2 protein chains.
Amino acid sequence: MNIGEAARASGLPAKTLRYYEAIGLVVPAHRQPNGYRDYSETDVRRLRFVQRARSLGFSVAECRELLALYADRGRTSAEVRRIALARIAAIERKLRELEGMRRALLHLVERCSGDSRPDCPILDDLAGEDDDQGAA
Amino acid sequence: MNIGEAARASGLPAKTLRYYEAIGLVVPAHRQPNGYRDYSETDVRRLRFVQRARSLGFSVAECRELLALYADRGRTSAEVRRIALARIAAIERKLRELEGMRRALLHLVERCSGDSRPDCPILDDLAGEDDDQGAA
DNA sequence: CCTTGACCTTCCCGTCGCGGGAAGGACCAT
DNA sequence: ATGGTCCTTCCCGCGACGGGAAGGTCAAGG
């Protein structure tokens with residue numbers, strides 16, 4: 001199977017397939033006589049596996065681990081679970097960070113009139129104004 | 001003021017200050033006779049401004065716009081507000097994406113025994129198994 | 001005077017996960 | 001022969017820096 005077909009079958013761009021080969025993540029076993037990459041059904045399964053894992057937020061390094069476990073009959077589900085839990089923890093850290101930003105930005109936007117005047121509490125806050133005008 | 005002092009005063013690494021100079025974001029006006037960068041109080045204010053904006057999730061490009069508006073007496077708060085709303089929208093897109101991943105991963109982890117056996121619904125899902133065993 | 005150490009300079013490479021595009025070969029149909 | 005579509009390798013670019021080499025500068029101490 002040509003790289004184009006494998007790309008369509010896996011839902012990944014051909015560029016990505018070449019990249020995955022370059023980093024040794026999914027390497028098609030053979031080349032056709034004309035030098036074209038030759039992807040097998042198994043290769044495509046691995047590519048789809050990676051595509052799904054990536055869409056769940058796993059890094060390429062984690063995909064490599066997961067693929068290894070997938071291929072390892074002696075694996076334990078505890079190993080897989082550990083990786084997934086680590087990913088969840090990382091996602092939750094990021095969620096908290098983004099939620100903090102969102103809260104702060106919403107607070108600022110709320111107080112900004114957004115009209116034609118130059119006065120802007122958003123810029124004031126970024127400038128680190130230390131006014132205590134609300135103390136009355 | 002040396003780069004080290006400016007770094008401490010702004011809460012940014014010296015490397016970042018050099019980077020901001022290289023991309024023309026915050027460029028100290030002068031050099032000392034020995035070739036050292038010379039940051040003014042105004043430079044440090046700009047650096048702190050960028051540091052705060054970055055911590056709110058603004059890209060360096062957005063920081064550039066915000067700095068320009070900050071310096072522009074003819075600005076309107078509507079312009080600033082527009083940038084902040086765009087950032088909020090981007091953050092919320094990312095939040096939704098991460099929440100989707102989190103939900104999917106939690107669902108998978110929940111069903112994984114995480115013991116010494118190799119059977120793992122997480123890997124099964126990534127492999128794209130099409131079993132409809134739950135249809136009973 | 002010399003050394004030590006802390007600071008500064010420029011420069012270039014690495015990160016992560018690819019995308020864009022050039023230059024050229026291969027294949028298929030007309 | 002020609003055109004169009006595929007494929008190949010190669011190298012550069014992103015964002016926002018961090019690491020580290022090689023070397024200049026400065027203040028303190030022996």
Side-chain angles (χ1 to χ4, degrees), chain A residues 1-28 30-39 43-44 46-47 49-67 86-87 90-91 93-94 97-98 101, chain B residues 1-28 30-39 43-44 46-47 49-67 86-87 90-91 93-94 97-98 101:
Chain A
M1 191 188 309
N2 281 355
I3 196 172
E5 295 173 74
R8 280 184 293 276
S10 64
L12 291 166
K15 270 279 190 184
T16 298
L17 268 58
R18 292 196 193 94
Y19 172 67
Y20 287 170
E21 179 182 15
I23 64 172
L25 183 63
V26 176
V27 181
H30 306 291
R31 290 278 177 139
Q32 294 164 15
N34 57 15
Y36 289 13
R37 286 169 182 80
D38 196 359
Y39 287 87
D43 292 328
V44 170
R46 291 166 60 84
L47 288 171
F49 183 100
V50 172
Q51 190 275 324
R52 287 175 201 244
R54 295 283 297 131
S55 77
L56 286 176
F58 289 105
S59 69
V60 165
E62 287 167 330
C63 289
R64 200 186 296 271
E65 291 186 67
L66 289 169
L67 267 180
R87 179 88 326 249
I91 288 173
R93 271 194 301 280
K94 191 73 184 173
E97 185 192 348
L98 290 175
M101 291 175 179
Chain B
M1 191 188 310
N2 281 355
I3 196 172
E5 296 173 73
R8 280 186 292 276
S10 65
L12 291 166
K15 269 281 192 183
T16 299
L17 268 58
R18 292 196 192 93
Y19 173 67
Y20 287 171
E21 179 182 13
I23 64 171
L25 183 62
V26 176
V27 181
H30 306 290
R31 290 279 176 138
Q32 294 164 14
N34 57 15
Y36 289 13
R37 286 168 182 80
D38 195 359
Y39 287 88
D43 292 327
V44 170
R46 289 165 62 84
L47 289 171
F49 183 100
V50 173
Q51 190 275 324
R52 288 174 198 245
R54 295 284 296 130
S55 77
L56 285 176
F58 289 104
S59 70
V60 165
E62 287 167 331
C63 288
R64 200 186 294 271
E65 292 186 67
L66 290 169
L67 267 181
R87 179 87 329 247
I91 287 174
R93 272 194 300 279
K94 191 72 184 173
E97 186 192 349
L98 290 176
M101 291 176 180

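Each chain gets a letter, A, B and so on, in the order its sequence line appears, and its residues count up from 1. Quick caveat: nothing in here was measured; it's all calculated off a predicted structure.
In this view, A:R64 satisfies the side-chain hydrogen bond (donor to acceptor under 3.5 Å, both in side chains) rule with no residue, not counting sequence neighbours. In this view, B:R87 and B:E62 satisfy the salt bridge (Lys or Arg N to Asp or Glu O under 4.0 Å) rule, not counting sequence neighbours. When the side-chain hydrogen bond (donor to acceptor under 3.5 Å, both in side chains) test is applied to A:Q51, no partner is found at least two apart in sequence or on another chain. In this view, A:R93 satisfies the side-chain hydrogen bond (donor to acceptor under 3.5 Å, both in side chains) rule with no residue, not counting sequence neighbours. Remark: A:D38 engages no residue in a side-chain hydrogen bond (donor to acceptor under 3.5 Å, both in side chains) (not counting sequence neighbours). B:M101 is linked by a side chain to side chain contact (heavy atoms under 4.5 Å, CB included) to A:I91, B:E97, B:L98, counting only residues two or more places apart in sequence or in another chain.
Between D:dT8 and A:R37, a contact under 4.0 Å exists linking OP1 or OP2 to a side-chain N or O.
In this structure, B:D38 places its CG atom 16 Å from C1' of D:dC26, rounding to the nearest Å. Atoms CZ (B:R54) and P (D:dG18) sit 10 Å apart, rounded to a whole Å.
Here the nucleotide nearest the side chain of B:V60, chosen from D:dC7, D:dA16, D:dG18, is D:dA16.
Among B:V26, B:V50, B:L56, the single residue meeting the side-chain contact (heavy atoms from CB on, under 4.5 Å) criterion with B:C63 is B:V50.
Among all heavy-atom pairs drawn from A:E21 and A:V27, the shortest one is O-CG2, 3.9 Å.
Annotation: proximity of residues 1-12 of chain B to DNA chain D (heavy atom, distance under 4.0 Å) is found for no residue. Non-hydrogen atoms lying under 4.0 Å from DNA chain C are contributed by A:K15, A:T16, A:Y19, A:Y20, all within residues 14-22 of chain A.
Atom CG in A:L66 sits 14.0 Å away from atom CZ in A:R52 (nearest 0.5 Å). To the nearest 0.5 angstrom, A:I3 atom CD1 is 10.5 Å from A:L12 atom CG. Summarising the geometry, atom CG belonging to A:L17 is positioned 4.5 Å from atom CG belonging to A:L47; distances are rounded to the nearest 0.5 Å.
Listed by first then second residue, pairs satisfying side chain to side chain donor-acceptor pair (under 3.5 Å) with a partner in residues 6-20 of chain B number zero, not counting sequence neighbours.
For DNA chain C, the span of nucleotides reached by chain B at under 4.0 Å from its heavy atoms goes, 5' to 3', from C:dC7 to C:dC11.
Residue-to-nucleotide proximity on DNA chain D shows that, of B:N34 and B:S59, the 5′-proximal contact is made by B:S59. Nearer to the 5' terminus of DNA chain D, by closest-nucleotide assignment, is the contact made by B:F58 (compared with the other of B:F58 and B:Y36).
End-to-end axis angle of the helix from C:dC1-D:dG30 to C:dT30-D:dA1, from C1' rotation axes over five pairs per end: 40° (rounded to 10 degrees).
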CA sep, side-chain torsions, deciding dist, call: B:Q32, B:N2, side chain to side chain contact (heavy atoms under 4.5 Å, CB included): CA-CA 9 Å; B:Q32 294 164 14; B:N2 281 355; 3.0 Å; yes

